[in-house]
There are 2 protein chains.
Amino acid sequence: MAQTKNFRFEELLDKHHLKKTGARLRVLSMMYSKNTATSQPDLESVMSDIDRVTLYRILNVFEEKGIIHKVFDLNGTANYAVCHADCGENHHHDEHLHFNCTNCKNVYCLDDLHMPRLNLPEGFKADSFTLYASGLCPKCSKKSAATIN
Amino acid sequence: MAQTKNFRFEELLDKHHLKKTGARLRVLSMMYSKNTATSQPDLESVMSDIDRVTLYRILNVFEEKGIIHKVFDLNGTANYAVCHADCGENHHHDEHLHFNCTNCKNVYCLDDLHMPRLNLPEGFKADSFTLYASGLCPKCSKKSAATIN
DNA sequence: ATCTAAATGTAATAATGTTGCATTTATATT
DNA sequence: AATATAAATGCAACATTATTACATTTAGAT
């Protein structure tokens with residue numbers, strides 16, 4: 001994928017009444033260019049000129065607005081991924097599989113895999129579901145197969 | 001439930017070649033007496049005489065041994081719950097639903113709800129699954145119904 | 001061009017995770 | 001029962017992360 005058109009992100013910020021700042025555009029373009037979730041340390045290492053508190057606040061406001069959603073990996077560190085479907089303000093629908101690779105530590109949002117219906121025990125009223133899996137992602141399972149065989 | 005017999009926990013520690021100390025027995029009896037997961041801050045507030053590093057290490061060793069398993073709640077804080085089934089050393093099977101109540105913040109392990117089979121996309125090799133849901137637990141949904149109606 | 005609310009940077013604090021080391025304690029052995 | 005020893009604990013220290021306050025800068029409206 002070539003460099004994604006910036007005006008797309010500018011529209012996105014507009015839509016949510018957020019000012020179009022350099023930092024926000026860069027965060028958006030990084031997150032949209034990857035198919036894995038991004039942690040704040042990831043962002044910090046790439047955009048070391050931006051203060052980490054600013055990144056922290058950008059991630060927070062994006063999450064509030066429903067632009068990204070937060071998912072915790074196996075170590076409990078927060079990762080953020082762009083919301084694909086119909087996430088709105090304070091209203092997320094990340095009911096898909098979050099795949100956590102134990103080797104490269106990447107978190108993949110597998111949107112095609114939707115949640116199966118579940119019958120909860122009497123009394124429990126769920127308003128959202130999230131599914132986690134851990135194991136090897138395609139890249140890492142190829143690598144390990146290569147070294148073992 | 002009356003006070004659970006302590007010798008049960010002593011046997012458990014024995015089985016894993018852990019010394020039977022007061023701190024460990026108290027942690028076990030607290031965790032077994034609840035049907036929700038316990039965070040370290042929970043333990044600290046109840047057992048303020050035990051050093052927080054000790055609690056940290058007790059939780060770690062219990063997890064290694066397969067006595068308890070760790071689950072992160074919606075805020076990313078670690079919660080621990082007793083393993084019911086066949087968890088062994090470094091080998092957990094918590095493939096059940098973790099229900100996170102948005103009101104009382106409790107995490108319930110609903111063991112009866114096992115994971116449905118899933119077809120992962122080509123290349124992904126999963127070795128464990130975990131399912132999360134959030135919403136209202138029985139107690140809190142009753143309460144909110146009472147105040148609304 | 002200028003004004004204003006929003007966004008950022010800086011500093012500071014709180015909470016949490018983690019390690020090293022000295023002391024204490026459970027338990028195996030005599 | 002006394003004691004030797006490895007394990008467990010407490011304490012201090014440090015690292016990392018989350019969070020807030022406030023002063024300065026900047027995007028966007030006028």
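Proteins get letters first, then strands, A, B, ... in listed order; numbering begins at 1 in each.
Remark: B:R57 is not in phosphate contact with D:dA8, judged by side-chain N or O atoms under 4.0 Å from OP1 or OP2. For A:Y56 and D:dT17, the shortest distance from a side-chain N or O to OP1 or OP2 is not below 4.0 Å. Not one side-chain nitrogen or oxygen of A:T21 sits closer than 4.0 Å to the OP1 or OP2 atom of D:dT26.
The distance from atom CG of B:D42 to atom C1' of C:dT16 is 15 Å, rounded to the nearest whole Å. Atom C1' of nucleotide D:dA8 and atom CG of B:L55 are separated by 13 Å, given to the nearest angstrom. Note: CZ (B:R24) to C1' (D:dG10) measures 14 Å, nearest angstrom. The interatomic distance linking B:N75 (CG) with D:dT19 (C1') rounds to 14 Å, in whole Å. The interatomic distance linking B:Y80 (OH) with C:dT16 (C1') rounds to 11 Å, in whole Å. Rounded to a whole Å, the CG atom of A:L59 is 12 Å from the P atom of D:dT19. Taking atom CD1 of A:I58 as the reference point, atom C1' of D:dT26 lies 14 Å away to the nearest angstrom. Across the protein-nucleic acid pair, B:K19 atom NZ and C:dT24 atom C1' stand 10 Å apart, rounded to whole Å.
Linking Ile, Leu, Val, Met, Phe, Trp and Tyr residues whenever their side-chain heavy atoms come within less than 4.5 Å leaves B:F124 and A:L74 in two separate clusters.
Residue A:A23 is the one, among A:A23 and B:A78, whose nearest nucleotide of DNA chain C lies closer to the 5' end (criterion: closest heavy atom).
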(message) Let's go through A:D14 and A:K20 carefully: what are the C-alpha distance in whole Å and the side-chain angles of both, what is the deciding distance for salt bridge (charged side-chain N to carboxylate O under 4.0 Å, His left out) to 0.1 Å, and is it a yes or a no?
(response) CA-CA 7 Å; A:D14 258 344; A:K20 303 159 205 159; 3.1 Å; yes

(request) Show your reasoning for whether ring-ring contact (aromatic ring centres under 6.0 Å, His included) applies to A:Y132 and B:F129. (result) CA-CA 6 Å; A:Y132 285 81; B:F129 289 93; over 10 Å; no

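Ring planes of B:Y108 and B:F99: perpendicular class, angle over 60° (limits at 30 and 60°).
Judged purely by distance below 3.5 Å, without hydrogens or angles, the side chains of A:S128 and B:S134 pair a donor atom with an acceptor atom. With no hydrogens or angles considered, no side-chain donor-acceptor pair links A:T38 and A:D42 at under 3.5 Å.
Residues from residues 43-54 of chain B lying near DNA chain C, meaning a heavy-atom separation below 4.0 Å, are B:R52, B:V53 in numerical order.
Counting heavy atoms from C-beta on, the side chains of A:F62 and A:L28 come closer than 4.5 Å.
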